[in-house]
Amino acid sequence: MPQELVLTVARIGFLVLLWIFVFTVVGVIRRDLFAGARSRIVAAPRGLGSTAVGAGATRGKRGRAAHQLVVTAGSLAGTRITLAEQPITIGRAEDSTLVITDDYASARHARLVPRGGQWLLEDLGSTNGTYLDRSKVNGPTPVPLGVPIRIGRTALELRP
Amino acid sequence: MTAATEQPVSPVPSGSAQRRVPTRRNAELLLLLLAMVLVTVFSAAVEEGLTGGVSPDFWVPPLLLTLVFLVAHIAVRILTPYADPAILPCVALLNGIGVSFLRRLDLGRQPAAQRANYSSFAGDGFHQFTWTIIAIVVAIVALVIIRDHRTLSRYAYTLGFAGIVLVLIPAVLPGRFSEINGAKLWIRVGGFQIQPGEFAKLLLLSFFAYYLVRKREVLSLASKRILGIDFPRARDLGPVLVVWGLSLMVLVVEKDLGTSLMYFGMFVATLYVATERVSWLIIGLLLFFGGTFLANVLGATVGGPFANFHQRVEIWLNPFDPKLVNTTGYQLVQSLLGLGTGGLFGSGPGVGNPSKVPFVKNDFIFAGIGEEIGLFGLTALLLVYLVFVERGLRTAIAVRDSFGKLLAGGLAFTFALQVFVMVGGVTKLIPLTGQTTPFMSAGGSSLMANWLLAAMILRISDSARRPVVEAPAAAAPKLSGLATEVVRP
C-alpha cells in the first residue's frame, strides 16, 4: 500500500511539475507573446492630420519617453528596435541601424537622434523625402510617440 | 535639398542615466533550475517505479546534467547576453528528460535484483549524456565563431554546396556503408556512424535564406489570379521544381520519406515567408502529395526503389492487418498499444513496458515516454516544443535584417515540421518515417544538429533584442556601388 501511494504521488507530482514548468515559461514570455497583435490594433485607426501631430507632440513632451522604435508597415513590419542613447540611421545601406529594402528609400535616408529626452527626426537628403505623418520633414523635427514616420512604403513609430 | 543644407543634429547625451535593457538572463536561470528539478524528480520516480525504492545515488545523473546545462547558461550569458530567455530551458528540459528516459530503458533491461546497483556511468543513458556534452561544446564553439548571423550569408553558396554534398554522400555510398534498417541515410566508418542529413538541413537553410532574400522580388511577381489567389509565372517555378526533384530523389534512393519531406517543406516554407504568397504553399503541397501518391502507386505496381515507401503506407493504413501485425506492422502496433495503455495520466515513470516497442530509444521514444506519462504529460512536452518554435518565429519577426528573418523562420519551421513528422508517425496520423525526435532520441548526430539549430536561434535572437549601440555612419555615401532607387513621381 505505501509503495502504491508513493508511486501515485511520484506520477502525479511529475505531471503537475511539468505543467508548472510550461506555465512558468509562458509567464516569462507572456510580455511579448501578444506584442505583435497589440501593436496592430494600436496602429490601425491612426490617421492623424497636422493638428493631431501638434497634440501628439504636447502629449509626448509631458508623457513618457520613447523606448522602442517599431516598424508598422512595409517589408520589415513587426520589427522593433530597443532604443538606447545612440542615434538610429535608416536607409538601404548595409551599415544602417535599420536596413530597409524599399525601392523608394535612399541608401542613407534619415536618422533619429536623441536630445533632451526627445527624439529628433532628420532627413539626410533623401530622394523621395521623409514624412512625419503627412508633413514633409525639412529640418530636425521632434517625433512624438505613436506618430508614423513614413519612408517610401515603410512606416515607423516610437513606442514607450 | 533643404534638408542637406541644415546643420546636422549631433547626438547629445541627455541628463538621465541610460536605461538598461533587461537581458532576462536571471529568468532563464530560474527556468533552467526548474527544468532540472523536473529531470531529478523524473529520475527519482523512475527508480521508485523500477526498483521499489530510491537508491542513494539516484541524483548523480541529474546533477551532472544540471552542471552541463549551467555551463551552457554561462556561455549564453557571455556570448549572447540578450537572447531569448525561454529557449535554453526548453531545450535543456527536453534533452534532460531524453537522457533520463534512456537511462530508464537501461535499468529496465537489467535483471530486477541488479537494478539498484546499476552504475550511473553506463548504458545508453550515459552514452547520450556524453553526446550532450559534445553537442553543447559544439554549439558554444559555433556561437564563438559566428558573432553575427549575417556572416553566414557571405558563405551562402559554400554552405549550400556543402549541404548538397552531405545529402548525396549516403545516396552514392554502397549500401553496406550507408544503410541501417532500410534507410540509406548514414555514413558508417568502423564502429562510428553519423547521419549527415541532420547537418545538411542547417546548411541548406542558410543557403535558401540567402537565395530567397535575393530572388524574392522576382518570385513574388504574379501572373494569373485564380480563385482569388495569385499564381506565379511558369518560368519562376524553376527553383521549386529543382528542390522537389531533389527531395523525391532522396525519397527513392535513400528510402526515407521523413528526410524528403523535411527538405521540401523547409524550402516551401522559406519561400512562403520570403514572398508572402499563399500560392507557393498550395503549389508545394500539391507537388508533394502528387509525388508521394505517385511513389505509392509505383511501389505497388513496379516495386524496386519505391517498394519500401509502399510498405510504409500499407502499415499506416492497416497496422492491425493479420498479415502485418506480427511482422512489419509490429512496431507501430506496439506503439499504439503502449500509448493506449498509458491513457490520460500514464502508468507512471518506470512502471510501463516501453521496451516492447522495437527501436524505442530512437524512433519511438515518444511512444515509450507516452505510455508512462500519459496524454497529460505528452501534451506538456509538446507545448515545450511549441514554445521553442514560437520563440524562433518571434525572433524571426523581431530581427532587423531579411536574411536573419528568413533563417530564423526557416529554422523554427523545420524544427516544428520534424516534431510533427515524428509524433504524427508514432501516433499513426501519417506514414511512419525515419526521423528522430529532436533533443530526445538517442543519437549523436541528431542531438548535435539540434543544439546547433538552437545556437543559431540564440544568436539571431540576441541580435534582435540587443539595444542599438553602433555609431551612425558619418561620411556621405559613395555614389558608385549604390543600389538604384525609384524616384517617386
Side-chain angles (χ1 to χ4, degrees), chain A residues 3 6-8 10-15 17-22 24-26 28-29 32 36 67 75-76 78-89 92-93 95-99 101 103-108 111 113-117 120 122-128 137-140, chain B residues 1-4 6 8-9 11-14 16 18-19 21 27 31 34-35 37-38 41-42 44-45 48-49 52 85-86 89-90 93 345-346 348-349 351 373-374 376-377 380-381 383-384 387 391 394 397-402 465 467-473 477 482-483 485-488:
Chain A
Q3 165 70 13
V6 172
L7 272 180
T8 315
R11 181 177 125 194
I12 302 300
F14 174 71
L15 290 182
L17 264 177
L18 200 55
W19 278 97
I20 289 179
F21 176 81
V22 169
T24 319
V25 172
V26 173
V28 166
I29 62 179
D32 55 9
H67 288 305
S75 60
L76 284 179
T79 302
R80 45 189 64 218
I81 297 179
T82 309
L83 300 170
E85 294 294 322
Q86 261 69 30
I88 305 272
T89 53
R92 292 209 291 187
D95 56 348
S96 309
T97 319
L98 186 68
V99 184
T101 42
D103 288 339
Y104 294 102
S106 299
R108 307 212 193 281
R111 68 174 177 177
V113 180
R115 186 146 72 181
L120 301 185
E122 185 189 8
D123 190 272
L124 297 175
S126 67
T127 312
N128 292 313
V137 173
N138 290 319
Chain B
M1 280 309 285
T2 39
E6 292 278 348
V9 191
V12 177
S14 62
S16 65
Q18 184 165 330
R19 193 176 91 117
V21 178
L31 284 176
L34 184 59
V37 169
L38 254 169
V41 169
F42 184 74
E48 178 68 40
C90 286
L93 178 73
F345 297 99
V351 184
I373 64 176
F376 232 62
L381 281 189
L383 277 178
V384 175
V387 166
R391 293 333 283 165
R394 167 62 62 188
I397 291 177
V399 76
R400 292 194 292 272
D401 62 298
S402 307
R465 297 162 70 102
V468 179
V469 286
E470 63 242 68
L482 280 182
E485 62 189 86
V486 179
V487 178
R488 190 166 262 172

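Residue numbering restarts at 1 for every chain, and letters A, B, ... go by the order of the sequence lines.
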Where on B:P85 is there a heavy atom nearer than 4.5 Å to chain A: the side chain, the backbone, both, or neither?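 It is the side chain, since no backbone atom gets that close.
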Contact origin within B:V399 toward chain A - heavy atom pairs under 4.5 Å: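 Looking at B:V399, just its backbone touches chain A.
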In terms of heavy-atom pairs under 4.5 Å with chain B, which of A:T24, A:I20, A:T8 leads?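 When all of A:T24, A:I20, A:T8 are compared, A:T24 has the most.
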A:L18 versus B:F376: any side-chain heavy-atom pair under 4.5 Å?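 No - every pair of side-chain heavy atoms lies 4.5 Å or more apart.
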What I'd like to find out is whether the side chain of A:L17 reaches to under 4.5 Å of the side chain of B:L38, using heavy atoms alone.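 Side chain of A:L17 against side chain of B:L38, heavy atoms only: contact under 4.5 Å found.
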Can you measure from [atom1] ([X]) to [atom2] ([Y]) and round to the nearest 0.5 angstrom?
| X | Y | atom1 | atom2 | answer |
| --- | --- | --- | --- | --- |
| B:R394 | A:I29 | CZ | CD1 | 9.0 Å |
| A:F14 | B:I373 | CZ | CD1 | 5.5 Å |
| B:L383 | A:W19 | CG | CH2 | 4.5 Å |

Spell out, as yes or no, whether a donor-acceptor pair under 3.5 Å connects the side chain of B:R400 to the backbone of A:V99.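 Flag not set: sc B:R400 to bb A:V99 has no pair under 3.5 Å.
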Does the side-chain contact (heavy atoms from CB on, under 4.5 Å) test come out yes or no for A:F21 and B:V384, once each step is laid out? CA-CA 9 Å; A:F21 176 81; B:V384 175; 4.1 Å; yes
Shortest non-hydrogen contact from A:L15 to B:F345?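 So the minimum-distance heavy-atom pair works out to CD1-O, 3.6 Å.
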Give me the one residue out of A:V22, A:V25, A:V28 that meets side-chain contact (heavy atoms from CB on, under 4.5 Å) with B:V387.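 Of all the options given, the one that passes is A:V25.
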